[in-house]
Amino acid sequence: MNQAKHIAIIMDGNGRWAEAQGKKRIKGHEAGAKVVKEITTYCSNSQDIERLTLYAFSTENWKRPRLEVEFLMKLLDNYLKNELEVYLENNVRFEPIGDIRAFSKSLQKTIAMVQKETSHCDGLIQSLALNYGAQDEMIRAINTLKNQEGDITPEMFSNTLDCKHDVDLLIRTGGDKRLSNFLLWQAAYAELFFTNTLWPDFSTKELEKIIKKFNKVERRFGGLK
Ligand code: IPE
Ligand code: IPE
Ligand code: MG
């Protein structure tokens with residue numbers, strides 16, 4: 001039986017969830033943040049799951065209206081400050097990925113603070129992908145490695161990425177079947193699950209169902225059964 005040690009989720013559909021109820025898109029992001037908490041807590045209680053990597057803000061999301069971007073930054077700041085206690089209670093280590101240098105100094109400070117305060121936690125590792133794009137991540141790694149002597153090996157490359165761990169199970173909510181620049185290297189052999197459920201409606205129950213299906217998949221990694 002497969003073990004879903006590293007689960008990655010593209011949390012999509014917040015805006016549509018809000019619009020369907022005649023609400024502003026930002027209400028969907030607020031509702032989505034509650035689900036992040038619920039799913040993280042669930043994963044922290046699982047014996048099998050070691051890592052949960054969540055796509056929160058992409059390198060492409062800066063294209064959104066300024067007010068929505070500003071709201072997302074504020075929401076992230078509040079989320080991290082409010083959830084610190086929950087991270088600690090659940091022994092969850094927070095490890096952001098992405099290029100956070102693009103964020104305001106005060107948001108960078110909050111991110112660093114939560115990372116430091118949870119650095120001793122040895123339960124689940126929750127990575128939020130913040131100003132993350134897989135192409136940007138790979139280009140940054142190439143720039144770091146380019147002056148090394150000799151050939152770059154896959155191990156060297158992988159160890160220079162923000163996320164150094166292969167994904168077992170990649171889930172996208174919201175109905176679209178694309179990766180939107182998420183973990184392109186690490187998901188090389190991930191099992192992909194797409195659900196029409198909008199992120200604010202996603203639940204631990206649905207996650208459990210997906211994990212059960214994942215457990216039964218025959219993963220061959222290019223070999224034979
Ligand atoms: C995902 O939900 C959250 C972020 C990208 C920040 P969306 O905001 O993309 O919601 P939809 O896809 O427009 O419904
Ligand atoms: C992917 O969702 C990014 C996050 C969930 C943070 P998007 O809504 O930005 O993706 P596209 O634009 O539909 O590909
Ligand atoms: Mg979307």
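All figures in this text were calculated on a predicted structure; none of them were measured in a lab. In listed order, ligands and their atoms are each counted from 1.
- At least one N or O atom of Asn14, backbone or side chain, sits closer than 3.5 Å to an N or O atom of ligand 1.
- The protein atom (non-hydrogen) at minimum distance from atom 14 (O) of ligand 2 is Ser180 OG, 2.6 Å.
- Remark: minimum distance from atom 8 (O) of ligand 1 to any protein heavy atom is reached at Arg64 NH1, 2.7 Å.
- Closest to atom 5 (C) of ligand 2 among all protein heavy atoms lies Met11 O, 3.5 Å.
- For the Mg ion (ligand 3), the N/O/S atoms of Asp176 include none lying under 2.8 Å.
- With rounding to the nearest 0.5 angstrom, the CD atom of Glu218 is 5.0 Å from the NZ atom of Lys225.
- Between the choices Gly28, Gly15, Ala20, the shortest heavy-atom distance to atom 10 (O) of ligand 1 belongs to Gly15.
- Here's the thing with Asn61: none of its N/O atoms is less than 3.5 angstrom from an N/O atom of ligand 1.
- Heavy atoms of Arg172 come nearer than 4.0 angstrom to ligand 2 in at least one pair.
- At a heavy-atom cutoff of 4.0 Å, ligand 2 is contacted by the backbone of Ala56 but not by its side chain.
- Lys213 and Glu191 are not joined by a salt bridge, as no carboxylate oxygen comes within less than 4.0 angstrom of a charged side-chain nitrogen.
- For ligand 1, the atoms closer than 4.0 angstrom to any heavy atom of Arg16 are 11 (P), 12 (O), 14 (O).
- A salt bridge between Lys209 and Glu206 is absent, with no side-chain N of the basic residue lying under 4.0 Å from a carboxylate O of the acidic one.
- Nearest to the Mg ion (ligand 3), among the N, O or S atoms that Asp12 has, is OD1.
- Among protein heavy atoms, atom 13 (O) of ligand 2 sits closest to Arg178 NH2, 2.7 Å.
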